[in-house]
Amino acid sequence: MSSPAARFDRGHTDDLMTFLTASPSPYHAVANAAERLEKAGFRQLSETDAWDAGSGGRFVLRGGALIAWFVPEGATAHMPFRIVGAHTDSPNLRVKPLPDTGSQGWRQIAVEIYGGTLLNTWLDRDLGLAGRLTLRDGSERLVNVDRALLRVPQLAVHLDRSVNSDGLKLDKQRHMQPIWGLGEVQEGDLIAFLEEEEGLPQGSVAGWDLMVHSIEPPSYLGRDRELVAGPRMDNLVSVHAGVAALTAASTAEQLDHIPVLAAFDHEENGSQSDTGADGPLLGNVLERSVFARGGTFEDRARAFAGTICLSSDTGHAVHPNYAERHDPSHHPRANGGPILKVNVNQRYATDGSGRAVFAAACERAGVPWQSFVSNNAMPCGTTIGPITAARHGIQTVDIGIAILSMHSARELCGADDPYLLANALVAFLEG
């Protein structure tokens, strides 16, 4: 790439694959993002402490969410923000409060379906278990059993002769409970197993937020390795790119705004939580940043009025086997660059002026870009974009990269698109 604004190349995609493997849950994703930010000189703030007015990089962690920002030298109280928004969660199977179950001599784990999961993609796949344990003293421990521990076995074709003619039909309650062994069900087995795995005293775990993940690592795919297959691309591709872009922007010689990364949890089930985009977290952080610099409500209003957010989430690449499901004149392609997502019914927040902002960033970065709009006969998905725009009254533009197999246990993207996205985000954050 010839543009001087371009910071990333195929090495960014290599690093993304490392990030995906190390982030099997939202809690791991924000921990890994925080570690990268700290290496770039950012420091963590506690929400219960008073915040100072100094310059430099800062971040806040809450559960599976992270808000990070960089205050340039001499920043005024009314300096506007430039925000990259993303989400850390992905559709999957999550462990229920009473996890130990089974029948017919099989020991199983009771799971609940999280988000709009493509259920069949979790069948006959070696699964690990990851998430967060809360101990009786209130402390938390990340856990990642990244080996073949669980499996959701599909019914053999001999016992379902119509599966290839009438289609696979899965009951979320009866058919999706993974097995993890043989024998009688014993209450407390799973948590006792995890305590042993983590070297914790028996009975020390008081709460848990656990989920399964495919243990198959990301990999390049295709004759020329021009594709990448991997888990949780929706939407850790954007989280990873956002971290890289924010740390790059923090080294800019001059900024007339405050670059921000907002990585939320719970987008896949509506964003209504204290760590979701429909919660108060982002607004509280931005306001406290204004007030820490001596600002008033007037300064807050001025800052928000000049703020722009790029809501970065994956979108649909044209599918070669189902091209009729796409709008006939909008066919985003893998390795064609990031996509601008438009929906006039506000499922996406992009408008014409937002289009101009995104186009200018891509031009500065030397990055090609594409447009996406849904087929009129198909329902359109949504993102944190409209929520962010409506909740905070800030201009928001929906973008992302084009992928196949969205919401599968294993998704597919072009190998160049992650770094093209990151370069566009750097140009946007630097302005």
Side-chain angles (χ1 to χ4, degrees), residues 26 29-30 33 45 47 51 58-69 77-89 115-116 234-235 238-239 242 246 257-293 295-315 340-355 357-358 380-400 425 428-429:
V30 298
L45 299 183
E47 292 186 81
W51 292 0
R58 296 162 169 78
F59 66 90
V60 167
L61 295 179
R62 183 192 289 186
L66 175 146
I67 311 293
W69 66 103
H78 61 270
M79 180 174 279
F81 303 92
R82 284 213 165 194
I83 304 168
V84 170
H87 67 87
T88 62
D89 60 320
D234 179 12
N235 186 30
S238 296
V239 174
L246 178 60
H257 53 267
I258 296 171
V260 179
L261 169 65
F264 300 103
D265 200 354
H266 300 133
E267 188 273 347
E268 298 293 356
N269 60 11
S271 295
Q272 292 186 320
S273 70
D274 68 320
T275 54
D278 204 19
L281 181 59
L282 176 61
N284 287 348
V285 168
L286 299 184
E287 288 178 352
R288 290 185 68 176
S289 176
V290 170
F291 298 150
R293 298 193 301 279
T296 63
F297 182 81
E298 180 72 9
D299 292 310
R300 180 260 187 215
R302 293 175 66 187
F304 277 44
T307 292
I308 306 172
C309 174
L310 289 190
S311 165
S312 181
D313 202 348
T314 56
L340 179 74
K341 301 158 78 172
V342 177
N343 180 266
V344 294
N345 294 302
Q346 292 301 296
R347 301 293 285 175
Y348 304 132
T350 306
D351 62 11
S353 62
R355 182 185 191 277
V357 169
F358 178 64
C380 181
T382 191
T383 68
I384 64 168
I387 295 171
T388 303
R391 182 170 184 83
H392 306 294
I394 58 179
Q395 183 181 15
T396 303
V397 188
D398 273 297
I399 67 162
L425 295 183
F428 167 72
L429 289 180

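All of these numbers come straight from a predicted model, not from anything done at the bench. Along the sequence shown, residues are numbered consecutively beginning with 1. Atoms considered below: every heavy atom in the structure, side chains included; atoms not considered: hydrogens, waters and symmetry mates.
- T350 and R355 get closest at one heavy-atom pair: CG2-N, 4.3 Å.
- Checked by atom type and distance alone, the side chain of T396 pairs as donor or acceptor with a backbone atom of I394 at under 3.5 Å.
- Side-chain atoms of I387 and E267, non-hydrogen and from C-beta on, never get closer than 4.5 Å to each other.
- With rounding to the nearest 0.5 angstrom, the CG atom of L45 is 12.5 Å from the CD1 atom of I67.
- For the pair V285/V260, no side-chain contact is recorded, criterion being any heavy-atom separation below 4.5 Å from C-beta on.
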For F59 and V30, what are the C-alpha separation, side-chain angles and deciding distance, and is it a side chain to side chain contact (heavy atoms under 4.5 Å, CB included)? CA-CA 11 Å; F59 66 90; V30 298; over 6 Å; no
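- Going from atom OG of S289 over to atom CD1 of I258 covers 4.5 Å, rounded to the nearest 0.5 Å.
- Side chain of H78 to main chain of A301: no donor-acceptor pair is present (N/O by atom type, distance under 3.5 Å, no hydrogens or angles).
- Considering only heavy atoms from C-beta on, L425 comes within 4.5 Å of I399 through its side chain.
- Counted by atom type alone, T383 and D398 present one or more donor-acceptor pairs between their side chains at under 3.5 Å.
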Does V84 form a side chain to side chain contact (heavy atoms under 4.5 Å, CB included) with L246? I'd like the steps, not just the answer. CA-CA 9 Å; V84 170; L246 178 60; over 6 Å; no
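- Side-chain contact between Q395 and D351 is present, with heavy atoms from C-beta onward closer than 4.5 Å.
- To the nearest 0.5 angstrom, K341 atom NZ is 11.5 Å from R347 atom CZ.
- If you take CZ on F428 and CZ on F358, they are separated by 10.5 Å, rounding to the nearest 0.5 Å.
- Scanning all heavy atoms of the two residues, the minimum distance from A86 to I384 falls at N-CD1, 3.6 Å.
- In this structure the side chain of D313 never reaches within 4.5 angstrom of the side chain of Y348, judged on heavy atoms.
- Between V290 and F297, every side-chain heavy-atom pair lies at or beyond the 4.5 Å cut-off.
- In this structure a side-chain-to-backbone donor-acceptor pair under 3.5 Å is missing from D278 to S271.
- When all heavy atoms of T88 and G64 are compared, the closest pair comes out as OG1-O, 2.7 Å.
- Residue E287 comes nearest to F304 through the heavy atom pair CG-CZ, 4.1 Å, listed as atom of the first residue, atom of the second, then distance.
- A distance-only check finds no donor-acceptor pair linking the side chain of S312 to the backbone of G400 [under 3.5 Å].
- Nearest heavy atom pair, residue V397 against residue G354, reads CG2-CA, 3.4 Å.
- Atom CZ of R391 has more than 12 heavy atoms from other residues, nucleotides or ligands within 6.0 Å.
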Decide side chain to side chain contact (heavy atoms under 4.5 Å, CB included) for H87 and D234; before the verdict, give the C-alpha distance in whole Å, the side-chain angles of both, and the deciding distance to 0.1 Å. CA-CA 8 Å; H87 67 87; D234 179 12; 3.2 Å; yes
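- The minimum heavy-atom distance linking A77 with G295 is given by the pair CB-CA, 3.5 Å.
- How far CZ of R62 is from OG1 of T275: 8.0 Å, rounded to the nearest 0.5 Å.
- Contact of the V60 side chain with the W69 side chain is registered, since non-hydrogen atoms from C-beta on lie closer than 4.5 Å.
- For R288, the CZ atom is densely surrounded, since the number of other residues' heavy atoms within 6.0 Å is greater than 12.
- Taking CG of D265 as the start and CG of L66 as the end, the distance is 11.5 Å to the nearest 0.5 Å.
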